[in-house]
Structure formats: structure tokens, C-alpha cells
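Only one structure is covered here, and it is reproduced in the block below.
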Amino acid sequence: MKKCIVCLLSAVLLLSVLSVTALAATTVDEVGIITAYPVAGENVDFVFSVYGQGCRADSSVNSGGFRNGIRWRNVFTGATLGENDVFQVNTMYEVSVYLVAESGYTFDVNSTQILVNMDETTSYSYVDNSRNKVLVTLMMVAEAVYVNRVAVNGLDAPIAGEMPDYLITPESEDTYRLNPTVSATQQGGVTWYDCTAQTYITVGTKFQADHVYWAEIHLDARDGYTFPLDAVGYVDGRMFSSAGAGESIALVVDFLDGDGKDHTHVPSQWKINPVYHYRTCTVCGEMLPEEDHIWSPKYHTVDAKTHAYQCARCKTYDTAYPHNPGAPATETTPQTCKDCGYVLKEALGISETTAPTAEETTAQTQETTEATTEAATEATTEATQGETQPQPTPTTQATEPADTKNQEADSNLILWILVILGGVLICAGGVLITVKAMKK
């Protein structure tokens, strides 16, 4: 019986301590997690970064398929992946990450927002009842490998009176191939367009003098590969931009006339990709020499959630990262991002009544003086006239302070804290008394 009483009192004591701790904890507001995207043909990456205030990655978890607090799992088969495994194209994977709250912070599934690679639909759950540790999960499909560069050789320039050339060779056929379609205007992945006549020429038609031609080279991506919008193409060493994306693209190769003469390029506006920026000729479409991005030394604000480095020339942004919140907003100071200065939360403002200006104080003083002088004059006149009137007995009327409600709210909070502390002390006393009784 004595042991039961001791256990009961200990449980009450523990609950009281946890209640006080919960009242003092701060809820983690927003967390950003950056992981590698699953790309078909690439090895699994177990590195990730956490951005935000009040929590960090729990890299101590290294069991159950987790490595440094992160796990990749094939959703279709349920198998967990190791560092030597390779992502498969068009396969869905689940990435799971453990986060742990810093001292003085806790998670709240109703208010804490966690983004993985800027995806706001991320789900997470508590690991235990302490709310100090969560497991974050996100589903992603393995993307096909990008083919950023293609090249073909052997395309002859048009010459008046000669037949068009349809015999070309890809530089590599591991990731892409010539489109195999054969039609009245296409053969060997090549079509020829007569810009002067504004029509595609049929196979077997000879070039005409003083006509402008271009050749279209059609390429298809192999299984597990895809073309980005900014794929670069080379035809016999000359650089050209591509048209299309995804499973197939076309390279447009210009020729001024039937004698194969070149022309002066007219540069377009800047175009961009993640590595460099470039221009194309607005007449023939040929890609002009590219230039590397010139990244800014500091982060620039992208939007309300992210910042990134910005190219000084073409103004494109590098990889975007979540804002890094600074100190919480006060009455006079806003909360800003420590990296780019973006205002995350405006200053709270001063809650007390604004003090009157000097002009308002002077006007109030003047009104008071005038009222006092007028009252004194009236009293003197009544005394001179000898008029005596019975004065009513003054009554005291109780007035309620304006901040009674605020005082009551503060009193209730203080009373609640005192009750909890009192409960802790009572429980502690009970435990001591019981222990002494057991010794006797």
C-alpha cells in the first residue's frame, strides 16, 4: 500500500513539473528541409540541411534504414535504400527525416509548418508525447536524367542544284538517337525547310539558288532520359539552341542561301540555365557563346518564403533557400531574415496610450488655468454679495479602475502558477512524509 501511495505521489509530481515546462516552451514556427531530389540513374544521397529557428536534424538515428537521420524507401516495393542503390526512373520514393527541438522549444502539428524542398504538403508526426521530436515524410518520383548537350556531325550545307543531305551521325547514341520517322519530308531524322518559299521540301527535291534554307534535326531521348528546355546542340561543331523538351527536341540549323554563305548574327535577349546565360541569333537561331553567371556576394529576397544569390547580368536566381528568422519582433523592432534582411514580421507597436505632444500639453494647461480663474472669480463675487447657500454634503462614489480586467487576467495567471507550484510542494512533502513513515 505504501509503495502505491509513493508511486501515485511521484506521478502527480511529474505531471506538475511537465505542466510548468509546457507553459514555458516556445512553439517552433517554420522549418525548411533541403534534400536531394531522386534522379533516375544516380546514387541515393543521405545528406540534407535544416533551416529555421528552434530545431535541428537528429543525425543520431542510424537504424531501421536511417543514415544520419534520413531514410529513402521505394514506395512500390517497400524496400529501404542504401548508399550503393540507384534511383529508378518513374519510381516513387519516400524520404523520411527526423527533427528534434532545441531546448525551450516544442513542435505543434497544428501550427508548426515544415517544408521539404519548398513543398508545403509535407506531413509529419510526433515521435513521442513530449512533442520534442518529429518524423517528417515526403513522396517524390525519380526524375529522368537530363540530357543537357547533344551533337551530330556530317550535315552538308545546301548548294544550288544539289540534293539535300539526310545522312548524319549522332556523337553518342547512349542517351539519345535520331528520330526514325520516314515521310515525304523527313528522312534520317532530318527535314529541310525553304524559308523563301515558306514550305518544307520533299525528299529528292534539289536546292534552288538565292533561296534561304534551314535544316531541322529531330532527336529522341532514350528510356530513363529527358531533354530540358535549355538543351544545347552542336552540328559539326557549331552551337545551336534547341526547340522542344522532354522526350524529343529539334535543332534548327540555318543557311543563308543555296551557296551556303553565312550571315551576321543578331543577338537576342539573355536566356538562362542553371550554369550560364547565353544569347541566340534572332535570324537563324544559332546559339552564341555562353557566359558564366556572376552571382551576387549576398542573398537577394526572392519572395516571402525564400532568398537566393542573383546573377548581376541576367538577373536570374540560383537555388532558393528558406528565410533564416532573426530575433522575434518587439514593440519597436521587426523580425527579419538574418541572411537577406527580409521583414518576416512587423514590429508589434507600443500598446500604451501615446503621450501628448508639447502643443497638446500647453493647450490643456491653458484650459485648466482659465477654468480655475473663472471659478475663483465666481466664488469671490458670491462672497462679496453676502449670499450664503447651504452646501450639499459631499458623497464618495467608488470608481472602477480602467485596467481592472487586465489586473484580473494577470491575477488569474499568477494564481494558476501559484496553484501548480503549491501542488508540486504538497506532493513533494507527501513523498517525504511517506518515505519517513516507511523507514519507521
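The shown structure was predicted, so the numbers you read here are calculated from the model rather than taken from an experiment.
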Problem set entry | Listed partners of D194 passing side chain to side chain donor-acceptor pair (under 3.5 Å), at least two apart | H211
For this session: Mind checking salt bridge (Lys or Arg N to Asp or Glu O under 4.0 Å) for D58 and listing every partner two or more places apart, or none if nothing turns up?
Result: K133
Using residues 78-86 as the side-chain source, report each donor-acceptor pair under 3.5 Å to any protein atom, sequence neighbours left out, with the distance given to one decimal.
unit_1, atom_1, unit_2, atom_2, d
E83, OE1, R67, NH2, 3.3
D85, OD2, G82, N, 2.6

Problem set entry | Beyond-backbone contact of Y93 with V141, side-chain heavy atoms, under 4.5 angstrom | no
Exercise. Do you see a donor-acceptor pair shorter than 3.5 Å between the side chains of Q186 and N179?
Worked result: yes
Problem set entry | Heavy-atom closest pair, residues A144 and V39 | O-CG1, 4.3 Å
For this session: Taking the side chain as every heavy atom from C-beta outward, state whether I114 and L99 have any atom pair closer than 4.5 Å.
Result: yes
Exercise. Should F227 and Y146 count as side-chain neighbours, where that means a heavy-atom distance under 4.5 Å?
Worked result: no
For this session: Fit a plane to each ring of Y321 and Y51, take the angle between them on a 0 to 90° scale, and name the class: parallel (under 30°), tilted (30 to 60°) or perpendicular (over 60°).
Result: tilted
Exercise. Take atom CG in N129; do more than 12 heavy atoms of anything else shown fall under 6.0 Å from it?
Worked result: no
Exercise. Is a side-chain donor or acceptor of Y299 paired with a backbone partner of T306 at a separation under 3.5 angstrom?
Worked result: no
Exercise. Which word best sums up how the rings of Y342 and H323 line up, parallel for under 30°, tilted for 30 to 60°, or perpendicular for over 60°?
Worked result: parallel
Exercise. Listed by chain and number, what are the salt bridge (Lys or Arg N to Asp or Glu O under 4.0 Å) partners of R222, not counting sequence neighbours?
Worked result: E173
Exercise. What pairs meet the salt bridge (Lys or Arg N to Asp or Glu O under 4.0 Å) rule with one or both residues in residues 87-98, with sequence neighbours excluded?
Worked result: R71-E94, R73-E94
Extract all donor-acceptor atom pairs below 3.5 Å that involve side chains of residues 100-108 and protein atoms in other chains or at least two apart in sequence.
unit_1, atom_1, unit_2, atom_2, d
T106, OG1, R131, O, 3.0
D108, OD1, N110, N, 3.0

For this session: Give a yes or no on whether D303 atom CG has more than 12 heavy-atom contacts from other residues, nucleotides or ligands under 6.0 Å away.
Result: yes
Problem set entry | Atom pair CG/OG of L229 and S242 - distance to nearest 0.5 Å | 8.0 Å
Exercise. Can you tell if the side chain of Y124 reaches within under 4.5 Å of the side chain of T112, non-hydrogen atoms only?
Worked result: yes
Problem set entry | Output field: ring centroids H307/H300 closer than 6.0 Å | no
For this session: Hey, could you give me each pair passing salt bridge (Lys or Arg N to Asp or Glu O under 4.0 Å) that has a residue in residues 334-345? Not counting sequence neighbours.
Result: none
Show me, pair by pair, the donor-acceptor contacts under 3.5 angstrom made by side chains of residues 195-205, not counting sequence neighbours?
unit_1, atom_1, unit_2, atom_2, d
T196, OG1, V212, N, 2.9
Y200, OH, E216, OE1, 3.2
Y200, OH, E216, OE2, 2.8
T202, OG1, T205, OG1, 2.7
T205, OG1, T202, O, 3.1

Problem set entry | Between W214 and Y193, ring centroids under 6.0 Å | yes
Exercise. Can you tell me how far the SG atom of C337 sits from the NZ atom of K305, to the nearest 0.5 Å?
Worked result: 13.0 Å
Exercise. Just wondering, do P164 and D156 contact through their side chains at under 4.5 Å, heavy atoms?
Worked result: no
Exercise. Side chains of N74 and T91: is there a donor and an acceptor less than 3.5 Å apart?
Worked result: no
Problem set entry | Qualifying residues under side chain to side chain donor-acceptor pair (under 3.5 Å), relative to D45, sequence neighbours excluded | none
Problem set entry | L178 side chain reached by L219 side chain, heavy atoms, under 4.5 Å | yes
For this session: Calculate, to the nearest 0.5 Å, the distance between atoms CG and CD belonging to D29 and Q53 respectively.
Result: 9.0 Å
Problem set entry | Donor-acceptor pair, side chain of Q310 and main chain of Y317, under 3.5 angstrom | no
For this session: Taking the side chain as every heavy atom from C-beta outward, state whether V253 and L155 have any pair of such atoms under 4.5 Å apart.
Result: yes
Problem set entry | Summary of salt bridge (Lys or Arg N to Asp or Glu O under 4.0 Å) pairs that have at least one residue in residues 161-172, sequence neighbours excluded | R149-E171
Seminar exercise, completed: d(T175 OG1, D220 CG) to nearest 0.5 Å is 12.0 Å
For this session: Could you list the residues that satisfy side chain to side chain donor-acceptor pair (under 3.5 Å) with Q335, not counting sequence neighbours?
Result: none
Exercise. Residues two or more places apart in sequence or in another chain: which of them pass side chain to side chain donor-acceptor pair (under 3.5 Å) with N132?
Worked result: none
Problem set entry | Side chain to side chain, H218 and L251, heavy atoms closer than 4.5 Å | no
